Amino acid sequence: MITKLSAQHFDKLMEFVRKEKEWNIFIIGDVLSYGFDSPVVQVWGEFDLKTDSIKAVLLQYRKDLIFYSDTLDYDIEGFSNIILNLKFKTFSGKRSAILPFAKKIKFSQKREQSFSKLSQPQDFSSFNLKPEEENMVKIITKDNIEENLDKIEMLVYLYQSIEEFLNPATFDQIKQDVSLGRSRIYYIEEDGMIVSSARTGAEIQDMAMVISVCTMHEYRGKGYATMCMKKLCSDLLSEGKSLCLFYENPAAGRIYKKLGFEELGKWVTFTV
C-alpha cells in the first residue's frame with residue numbers, strides 16, 4: 001500500500017532510510033529541512049502490510065525525484081502512476097532500485113555515476129594544506145552569506161561554464177541551501193572570479209554530500225579543486241560527519257580515492 005507520508009510517519013521513515021543512510025542522504029536531508037508540508041517537498045511510502053514498516057519511498061524535491069527501496073518487491077505500477085502525474089526533470093536513486101522503472105516510464109537520458117563514501121580517518125594529515133594554500137581557500141556559510149551574495153553570483157557563472165553540469169543550481173537555490181545550513185561553499189578566487197569550488201549539500205548532523213566540485217577550464221591543472229576538497233573534508237570530518245559524493249570522471253575518481261573515498265556502488269539519474 002502506497003501512502004503519502006506526513007509528520008506521523010517520520011519515525012518509521014527515518015528507521016527505514018537510515019538502514020543505508022548514505023544512499024538516502026538527500027531524502028533524510030530534505031525531510032529534516034522542509035518536513036512533509038512544504039510546497040517544495042512531497043514524500044510517498046509503500047508499507048509492508050504484515051509488519052507495518054516502510055519498504056519503499058519516493059521523494060519529490062522541486063523538480064527532482066528520488067526513489068529508494070532495499071528490495072525489488074515494491075509496487076512499481078503504483079509508484080509509476082504517481083511519477084507520471086508529477087512535473088519533474090530528473091528521477092534518480094541507487095541503481096538496483098530504480099532500473100526497473102525504465103521499462104515503465106519513457107526517459108530521454110540515463111546517467112550513471114560512481115557513489116563513494118569517506119568515513120572518519122585515523123590520520124588527518126592527508127587533508128593538510130600549506131599555509132599559502134590555506135589562505136587561498138575561502139568559505140561561505142550561513143553565518144556570512146549576506147555579505148557574500150556577489151560570490152554566489154560568481155559561483156553560478158562558474159557552474160554554467162562547466163559542460164558536465166547538466167542542471168546547475170540557481171542563485172536562489174544556493175542561497176536558500178546555505179541559509180538553511182544545508183550547504184557551505186569552499187572556493188578559490190583569481191582574476192576577480194571564482195575559478196574553483198566544492199560545496200556540501202543535504203548537510204545534516206552526521207553526514208553531508210559533496211557536490212559541484214569544479215574548476216574553470218582555463219585554471220585547471222593547478223590543484224585548486226583538490227585544495228577546496230581537502231579543506232572541506234578536514235572541516236566536516238573534524239565535526240564528526242561522514243561524506244558522500246558522486247563522480248563519473250576517472251581523473252576526479254583518482255583524486256577522491258587518494259583522499260580516502262571508497263566506492264559503495266552506482267547511482268543512476270534518468271532525465272525526462
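Note: hydrogens, waters and symmetry copies are ignored here, and every other heavy atom, side chains too, is used. Just so it is clear, the structure is predicted and the values come from calculations on it, not from any experiment.
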J.: For the CZ atom of R199 and the CG atom of D177, what is their distance to the nearest 0.5 Å?
T.: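 So the gap between those two atoms works out to 6.5 Å.
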J.: Treating S234 as the side-chain partner and K230 as the backbone partner, does any N or O pair qualify as donor plus acceptor under 3.5 Å?
T.: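 A pair under 3.5 Å: no.
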J.: Please determine whether the number of non-hydrogen atoms from other residues, nucleotides or ligands lying under 6.0 Å from atom NZ of K110 exceeds 12.
T.: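 Yes - once you tally the heavy atoms of other residues, nucleotides and ligands closer than 6.0 Å, there are more than 12.
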J.: Under 4.0 Å between a side-chain nitrogen and a carboxylate oxygen: does that hold for E189 and K138?
T.: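 No.
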J.: Assigning hydrophobic clusters by single linkage (Ile, Leu, Val, Met, Phe, Trp, Tyr; side-chain heavy-atom cutoff under 4.5 Å), is I162 placed with M229?
T.: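 In one cluster with I162: M229, yes.
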J.: Under 4.5 Å between any side-chain heavy atoms of S179 and K142, yes or no?
T.: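 Answer no - side chains too far apart.
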J.: Quick check: do V137 and I188 have side-chain heavy atoms less than 4.5 Å from each other?
T.: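 Yes; the side chains approach each other to less than 4.5 Å.
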J.: Are the side chain of N249 and the backbone of A251 linked by a donor-acceptor contact shorter than 3.5 Å?
T.: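 Present.
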J.: Does the side chain of S53 come under 3.5 Å of the side chain of D48 through a donor N or O and an acceptor N or O?
T.: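 No, no side-chain donor-acceptor pair sits under 3.5 Å.
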J.: Do V17 and V31 pass the side-chain contact (heavy atoms from CB on, under 4.5 Å) test, and can you show the C-alpha distance, the side-chain angles, and the key distance before you say yes or no?
T.: CA-CA 11 Å; V17 293; V31 170; over 6 Å; no
J.: Would you call the rings of W267 and F246 parallel, tilted or perpendicular, where under 30° means parallel and over 60° means perpendicular?
T.: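 The arrangement is tilted - the two ring planes meet at 30° to 60°.
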J.: Give a yes or no on this: more than 12 heavy atoms of other residues, nucleotides or ligands lie within 6.0 Å of atom CD of E147.
T.: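 Yes.
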J.: Is there a path of hydrophobic side-chain contacts, each under 4.5 Å between heavy atoms of I/L/V/M/F/W/Y residues, joining Y68 to I105?
T.: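 No: no chain of side-chain contacts under 4.5 Å links I105 to Y68.
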J.: Does atom CD of E15 have more than 12 heavy-atom neighbours from other groups under 6.0 Å away?
T.: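 It does not: E15 CD has 12 such atoms or fewer within range.
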J.: Which class fits the ring pair F107 and F270: parallel under 30°, tilted 30 to 60°, perpendicular over 60°?
T.: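 Plane angle under 30°, so parallel.
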J.: State whether the side chain of E133 and the backbone N or O of M227 hold a donor-acceptor pair below 3.5 Å, judged by distance alone.
T.: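 Such a contact is absent between E133 side chain and M227 backbone.
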J.: Quick check for you: to the nearest 0.5 Å, what is the distance between I194 atom CD1 and L158 atom CG?
T.: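 Those atoms lie 7.5 Å apart.
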J.: For L264, is there any backbone N or O sitting under 3.5 Å from a side-chain donor or acceptor partner on K117?
T.: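 Such a contact is absent between K117 side chain and L264 backbone.
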J.: Judged by atom type as modelled, is there a donor-acceptor pair below 3.5 Å linking the side chain of T269 to the main-chain atoms of S92?
T.: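 Checking the backbone N and O of S92 against the side chain of T269, no donor-acceptor pair under 3.5 Å is found.
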J.: Hey, mind stepping through L13 and F36 against side-chain contact (heavy atoms from CB on, under 4.5 Å) and telling me if it holds?
T.: CA-CA 11 Å; L13 175 62; F36 298 90; 4.0 Å; yes
J.: For E132, does the CD atom sit with more than 12 other heavy atoms under 6.0 Å from it, leaving out its own atoms?
T.: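 Result for CD/E132: enclosed.
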J.: With side chain to side chain donor-acceptor pair (under 3.5 Å) as the test, would you mind laying out the steps for K266 and S114 before giving the verdict?
T.: CA-CA 5 Å; K266 299 295 183 182; S114 296; 2.9 Å; yes
J.: Look at the rings of Y61 and Y34 and say which category their plane angle falls in: under 30° parallel, 30 to 60° tilted, over 60° perpendicular.
T.: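 Tilted, since the angle between the ring planes falls between 30° and 60°.
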J.: Ignoring hydrogens and angles, tell me if any N or O in the side chain of S212 forms a donor-acceptor pair with the backbone of A198 under 3.5 Å.
T.: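 Absent.
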J.: Do F101 and F67 have ring centroids that are under 6.0 Å from one another?
T.: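 So the answer is yes for these two rings.
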J.: First locate atom CZ of R182, then atom CD of Q176, and finally report the distance between them rounded to the nearest 0.5 Å.
T.: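 R182 atom CZ to Q176 atom CD measures 7.5 Å (nearest 0.5 Å).
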J.: Within the supplied structure, the quantity of interest is the number of heavy atoms (other residues, nucleotides, ligands) at a distance under 6.0 Å from K94 NZ; does it exceed 12?
T.: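 Yes, the 6.0 Å shell around NZ holds more than 12 heavy atoms from other groups.
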J.: Does S69 use its side chain to pair, donor to acceptor, with the backbone of K55 at less than 3.5 Å?
T.: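 Judged by distance alone, yes, a pair lies under 3.5 Å.
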J.: On the 0 to 90° scale, with breaks at 30° and 60°, tag the W23-F115 ring pair as parallel, tilted or perpendicular.
T.: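 If you compare the ring of W23 with that of F115, the planes turn out tilted.
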J.: Do M14 and I28 have side chains that approach each other closer than 4.5 Å (heavy atoms only, starting at C-beta)?
T.: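 The answer is yes; the side chains approach within 4.5 Å.
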J.: Do V213 and I255 come close enough that some side-chain heavy atom pair is under 4.5 Å?
T.: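 A side-chain contact is absent here, since even the closest heavy-atom pair is not under 4.5 Å.
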J.: Before you tell me yes or no, could you show the steps for Y187 and I152 under side-chain contact (heavy atoms from CB on, under 4.5 Å), namely the whole-Å CA-CA distance, both residues' side-chain angles and the distance that decides it to 0.1 Å?
T.: CA-CA 10 Å; Y187 70 93; I152 296 180; over 6 Å; no
J.: Roughly how far apart are I66 CD1 and I25 CD1, rounded to 0.5 Å?
T.: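 Answer rounded to 0.5 Å: 10.0 Å.
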J.: Same hydrophobic cluster for F165 and F26, using side-chain heavy-atom links shorter than 4.5 Å among ILVMFWY?
T.: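 No, F165 and F26 fall in different hydrophobic clusters.
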J.: With a 4.5 Å cut-off on side-chain heavy-atom distances among I, L, V, M, F, W and Y, is there a chain of contacts connecting W44 to F16?
T.: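 W44 does not cluster with F16.
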J.: Would you please test F261 and Y247 for side-chain contact (heavy atoms from CB on, under 4.5 Å) and show each step?
T.: CA-CA 11 Å; F261 282 87; Y247 73 88; over 6 Å; no
J.: Please check if I140 and M209 belong to a single hydrophobic cluster, counting links between Ile, Leu, Val, Met, Phe, Trp and Tyr side chain heavy atoms closer than 4.5 Å.
T.: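 They do not share one cluster, since no chain of ILVMFWY contacts under 4.5 Å joins I140 to M209.
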J.: State, with a plain yes or no, whether a side-chain heavy atom of S197 is found less than 4.5 Å away from one of I185.
T.: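 In short, these two side chains touch, coming nearer than 4.5 Å.
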J.: Could you tell me whether the side chain of F171 reaches within less than 4.5 Å of the side chain of L149, counting heavy atoms only?
T.: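 With C-beta onward as the side chain, the pair touches.
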J.: Strictly distance-based, threshold 3.5 Å: is any side-chain N or O of Q60 a donor or acceptor partner for the main-chain N or O of K87?
T.: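 Side chain of Q60 to backbone of K87, a donor-acceptor pair under 3.5 Å: yes, one is there.
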J.: Taking atom OH as the centre, does Y157 end up with more than 12 heavy-atom neighbours from other residues, nucleotides or ligands that are less than 6.0 angstrom away?
T.: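 It does not: Y157 OH has 12 such atoms or fewer within range.
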J.: Quick one: are K4 and Q42 in side-chain contact, heavy atoms under 4.5 Å?
T.: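 Yes - at least one pair of side-chain heavy atoms lies under 4.5 Å apart.
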J.: Does the Y186 side chain pair with the main chain of C233, one donor and one acceptor, at a distance under 3.5 Å?
T.: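 Not at all, since once roles are kept as given, no pair shorter than 3.5 Å links the two residues.
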J.: Heavy-atom count around N135 CG within 6.0 Å, excluding the residue itself: above 12?
T.: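 It does: N135 CG has more than 12 such atoms within range.
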J.: Nearest 0.5 Å, please: how far is CD in E46 from CD1 in I82?
T.: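 Here the interatomic distance stands at 9.5 Å.
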J.: Can you list everything that forms a side-chain hydrogen bond (donor to acceptor under 3.5 Å, both in side chains) with K222? Sequence neighbours excluded, please.
T.: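 Only E190 meet the side-chain hydrogen bond (donor to acceptor under 3.5 Å, both in side chains) criterion with K222.
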J.: Do D52 and K12 have side-chain heavy atoms sitting under 4.5 Å apart?
T.: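 Counting from C-beta outward, D52 and K12 do come under 4.5 Å.
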J.: Nearest 0.5 angstrom please: L155 CG to D150 CG, how far?
T.: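 Rounded to the nearest 0.5 Å, the CG-CG separation comes to 11.5 Å.
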J.: Can D206 and K21 be counted as an ion pair, charged N to O under 4.0 angstrom?
T.: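 Yes, this pair counts.
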J.: For N144 and T141, indicate whether the former's side chain and the latter's backbone hold a donor-acceptor pair under 3.5 Å.
T.: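 Side chain of N144 to backbone of T141, a donor-acceptor pair under 3.5 Å: yes, one is there.
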